[in-house]
Structure formats: C-alpha cells, structure tokens
Amino acid sequence: MYLTDAPIDAASLLAAARTSDGGVCSFFGVVRDHHLGRATKRIAYESYGPMAEAEIGKIVEGLAREWPDTQVLVRHRVGMLEIGDVAVAIVAWSPHRAESFAACRAAIDRIKATVPIWKREIHPDGTSEWVNPTSESPSR
Amino acid sequence: MYLTDAPIDAASLLAAARTSDGGVCSFFGVVRDHHLGRATKRIAYESYGPMAEAEIGKIVEGLAREWPDTQVLVRHRVGMLEIGDVAVAIVAWSPHRAESFAACRAAIDRIKATVPIWKREIHPDGTSEWVNPTSESPSR
Amino acid sequence: MRIRLLYFATFRDVSGRDSEERQVAGGSKVSDLWRELTGEMPGLLRTGSMPPAAVNREYTGPDTVLAEGDEVAFLPPVAGG
Amino acid sequence: MRIRLLYFATFRDVSGRDSEERQVAGGSKVSDLWRELTGEMPGLLRTGSMPPAAVNREYTGPDTVLAEGDEVAFLPPVAGG
C-alpha cells in the first residue's frame with residue numbers, strides 16, 4: 001500500500017486535489033550522486049515490509065489527527081534505485097498553505113525516524129555500505 | 001519569465017533535478033472553492049507585470065544567497081483561473097531536505113508578502129471582490 | 001513635471017482607469033502625490049493609511065522625490081499565490 | 001519455546017542469514033535475547049547499545065517478555081527516505 005518496488009511517478013501523485021484544497025506541499029526524496037563526500041552509483045533499499053507498512057500507516061493516522069483538514073499521501077520505493085529515482089514521495093493537500101507544509105514536513109521527518117527501511121550505498125568501484133544516519137548531521 | 005497566462009503544469013516542473021539533488025520540496029497554490037466561508041466560482045488574477053517579474057527575481061536571488069546549494073523555480077499564473085487551477089508553483093531542489101523545505105517555504109511566503117499581484121474572487125451569484133489578505137489570518 | 005500613474009485592483013475600481021499622465025509640482029514627494037490623489041478620490045482611503053508605493057517598478061518610501069517621467073503606483077494589499 | 005528472529009541490513013550481514021527459528025527459555029525478555037545474540041555474534045554490537053526492537057511488527061522495549069511464536073527483530077539504525 002505505501003511501499004512499492006515499481007518506479008514512483010512524482011507527477012501523477014499530484015493530481016488528487018480536492019476542490020477545497022488551496023495548498024499542495026510535496027516532498028520527493030531522490031537518489032543523489034554523492035553521500036558524505038563519496039560518489040554514489042546506485043542505492044539498494046531494503047525494508048521490513050509488513051512492519052514498514054504498519055509504521056507508515058500509524059504516521060499517516062497521526063497526521064490526520066493533528067491536521068484533520070489535510071490529506072497526506074505517502075509512497076516509498078524499495079529495491080535497487082538509480083541516481084534521480086524517487087525513493088520517497090509525500091504529498092499534503094490542505095485548504096491552507098501553512099498546514100500543507102507542516103504536515104508534509106512532519107511526514108518525512110517521522111518516516112525517516114521510525115520506519116524500518118535501510119539503504120545500502122553502492123559506489124562506482126563496486127564497494128558498498130549501509131547508511132547509518134545516526135552518525136550524520138540531522139539535516140542529511 | 002516568472003508570470004504566465006497559460007496553465008501551469010505542476011508535473012512538468014518537477015523534472016529539472018540535478019544529479020546532486022536529494023530533496024525536492026514543492027508548493028502549489030491552487031484555486032479552491034471557498035474563501036472566508038463564501039463559495040468561490042473562479043478567481044481573476046491581476047498583476048503589475050514588469051514589477052512583479054522584478055520582485056520575484058529579487059526573491060529568487062535572495063534565496064540563492066541564503067541557500068546557495070538550492071535551486072528554486074517559481075511560476076505564477078495571471079488571468080482568469082478556475083477551481084483546481086494552479087495559481088503559483090514553487091519547486092526547490094537541494095542536496096538536503098531541510099534546505100529544500102526552508103527555501104520553498106520562504107519563497108511562497110515572500111511572494112505573498114511583496115509581489116504586486118491581486119486576486120478578485122468571483123462568487124457563484126456573479127458578485128466579486130478583491131481579496132485583502134491583510135484583514136485575514138496569516139495562515140490563509 | 002509629468003509622471004505616469006498606474007492603478008491596480010481596488011484602486012483601479014475607485015479611479016475608473018488603468019493609468020494616467022499627470023502634472024505634479026517639481027520637488028513633489030510620493031506622500032504629496034498620495035495626499036493629492038486622496039483629496040480627489042477619497043475612496044482610495046478605504047485601505048487606511050498610505051499604501052506601499054512603487055516608483056519605476058521598485059518599492060519606495062513616502063519621502064522619495066518624484067522626477068520627470070517617473071512611473072508611479074500605489075499598491076493595494078497584494079494577494080498573490 | 002520457539003520464536004522467529006529476523007535480521008536486516010548490517011545485522012543480516014553479521015549473522016549471515018535473513019531469519020531463523022530459535023529456542024528461548026520461557027520468561028525471556030527482549031533484552032535477554034539481545035544478550036544471548038551478542039554473545040554468539042559480537043559483530044552485532046557495532047551499533048553500540050541495544051538497538052530498537054520489534055515484536056510482532058511493533059516497536060517494543062527491552063523488558064517485553066517474549067511469547068511462543070513471536071516474530072522478533074532488532075533493527076539497525078533506519079535510513080528510509
């Protein structure tokens with residue numbers, strides 16, 4: 001439901017606005033070509049699938065309680081991703097812009113904090129390692 | 001350059017990511033079917049065109065100084081818009097998500113504060129009035 | 001001297017025009033022009049005190065002195081986005 | 001009693017397996033299981049103290065008592081998004 005091993009088409013996700021929505025804030029996490037100063041060739045995303053679905057479900061329910069007027073969509077891709085591929089997509093539709101930003105930001109922050117998904121960076125030389133965000137700056 | 005009287009295709013704007021970008025935050029302001037408790041049928045957007053272009057240009061330059069790694073795109077539509085039409089689109093691409101959110105949010109807030117664009121709400125009964133955001137809540 | 005004055009949104013509704021060429025006294029400031037306009041068209045005062053003004057497409061303050069050929073606009077509360 | 005243990009990411013690399021069925025003493029807590037596992041596989045300790053644990057796909061604390069048939073996973077630092 002929230003996880004997919006098929007490419008995420010960012011554009012097609014934006015179409016679901018209700019006529020009462022005035023603001024749409026979205027965030028797309030994209031595979032980039034570097035991490036902590038090293039070049040990245042691709043990234044393998046692994047999940048504890050059933051638990052990840054459940055955790056994202058809890059996050060979405062929590063957002064609906066905190067921002068009842070705001071509708072939030074979440075998609076997270078798993079499997080082998082190339083540079084430029086969308087790894088995670090959040091779209092938050094709301095009557096007002098402040099709420100759309102707040103719910104979108106909360107969604108991605110909470111997903112990164114608790115959903116059991118891991119990523120293994122694969123470098124151009126074929127070496128790879130699991131990413132450990134707890135050893136990095138919080139903005140990364 | 002920033003203003004257009006043609007429909008804004010939100011989806012097509014998202015495609016410009018650089019390979020170094022890991023986060024894309026976007027905001028789309030959409031014409032909604034109500035405002036301050038009254039039904040809206042459509043909205044006429046009017047601008048002081050050359051000054052609006054210049055003001056958006058200054059805002060984009062300011063964002064580039066504050067978030068040098070972040071690339072920000074702005075489009076604002078003018079003319080007669082129907083419910084669901086995109087009135088303003090902001091896309092901020094950045095290596096990191098915090099910067100993409102911050103730059104996107106600053107862009108829309110500054111555009112709403114200073115760019116000489118006005119909107120006239122047209123109600124289903126044919127009456128209309130100019131929107132005065134200074135008499136409303138700041139989140140609207 | 002001559003300036004060009006632009007009207008937008010509610011101010012256009014009040015004045016009944018998009019723009020006009022206007023004679024102002026040499027040394028006139030933006031605030032002097034506003035006082036003159038509101039004397040002729042009290043409806044402009046609906047937005048309260050002097051609104052933001054632009055001279056030659058840049059925001060400027062009330063004490064800016066106008067020059068021949070300036071493009072001047074008083075701006076009703078903006079509502080883009 | 002029997003539980004099912006799942007390994008992900010670095011923990012799978014260390015253990016060399018995705019999952020296993022395992023016998024644990026009745027009354028064992030999550031923290032007891034972690035102590036047992038790190039005794040067998042000290043490489044698990046690379047992430048420092050006991051990582052977040054899930055029992056039956058829900059986060060739980062170290063004092064949770066395990067039950068027959070539980071699905072248990074210790075979770076390396078997550079990195080979604």
Side-chain angles (χ1 to χ4, degrees), chain A residues 8-36 39-41 43 69 82-102 104-109 111-112 119 133 136-140, chain B residues 8-36 39-41 43 69 82-102 104-109 111-112 119 133 136-140:
Chain A
I8 294 174
D9 177 22
S12 70
L13 300 179
L14 294 170
R18 302 161 296 186
T19 58
S20 58
D21 291 323
V24 188
C25 182
S26 70
F27 178 80
F28 301 104
V30 177
V31 176
R32 64 168 192 247
D33 63 4
H34 67 283
H35 182 64
L36 299 181
T40 300
K41 184 158 169 58
I43 299 185
D69 294 341
E82 305 295 327
I83 307 302
D85 281 356
V86 173
V88 61
I90 318 283
V91 187
W93 294 266
S94 181
H96 307 302
R97 84 176 178 286
E99 287 85 337
S100 72
F101 270 97
C104 187
R105 181 65 194 266
I108 184 64
D109 288 352
I111 286 168
K112 284 182 173 267
K119 56 187 179 191
E136 300 165 21
S137 122
S139 79
R140 273 149 213 269
Chain B
I8 294 174
D9 177 21
S12 70
L13 300 180
L14 294 171
R18 300 160 298 185
T19 59
S20 57
D21 291 323
V24 188
C25 182
S26 70
F27 177 80
F28 300 104
V30 176
V31 176
R32 64 170 192 246
D33 62 6
H34 67 283
H35 182 66
L36 300 180
T40 301
K41 185 156 169 58
I43 299 184
D69 294 340
E82 306 295 327
I83 307 301
D85 281 355
V86 174
V88 62
I90 317 284
V91 186
W93 294 266
S94 181
H96 306 302
R97 83 176 179 288
E99 287 86 337
S100 72
F101 270 96
C104 187
R105 182 65 194 267
I108 184 63
D109 288 353
I111 286 168
K112 284 183 174 265
K119 58 187 178 190
E136 300 165 22
S137 121
S139 78
R140 272 148 213 269

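Lettering of chains follows the sequences in order, A, B, ..., and the numbering in each one begins at 1. All heavy atoms count here, side chains included; hydrogens, waters and symmetry mates do not.
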Student: Under the 3.5 angstrom rule, does the side chain of B/R32 hit a backbone N or O of A/P95 as a donor-acceptor pair?
Tutor: yes

Student: So which of A/V86, A/I108, A/V31, A/I90 has the largest heavy-atom pair count under 4.5 angstrom toward chain B?
Tutor: A/I108

Student: Non-hydrogen atoms of chain A under 4.5 Å away: do they reach the side chain of B/D109, the backbone, both or neither?
Tutor: both

Student: Do B/I83 and A/T19 have side chains that get closer than 4.5 Å, going by heavy atoms?
Tutor: yes

Student: If we define contacts as heavy-atom pairs under 4.5 Å, which of A/S26, A/A11, A/G29 has the most with chain B?
Tutor: A/S26

Student: Give me the ring orientation class for A/F101 and B/F101: parallel if the planes are under 30° apart, tilted from 30 to 60°, perpendicular past 60°.
Tutor: perpendicular

Student: Using a 4.5 angstrom heavy-atom cutoff, name the option from B/G23, B/S20, B/S12, B/C25 with the most pairs to chain A.
Tutor: B/S20

Student: Given heavy-atom pairs under 4.5 angstrom as the criterion, report whether the side chain, backbone, both or neither of B/S100 touches chain A.
Tutor: side chain

Student: Could you tell me which of A/T40, A/L14, A/V91 has the largest number of non-hydrogen atom pairs under 4.5 Å with chain B?
Tutor: A/L14

Student: Run A/K112 and B/R97 through side-chain contact (heavy atoms from CB on, under 4.5 Å) and show every step you take.
Tutor: CA-CA 11 Å; A/K112 284 182 173 267; B/R97 83 176 179 288; 3.1 Å; yes

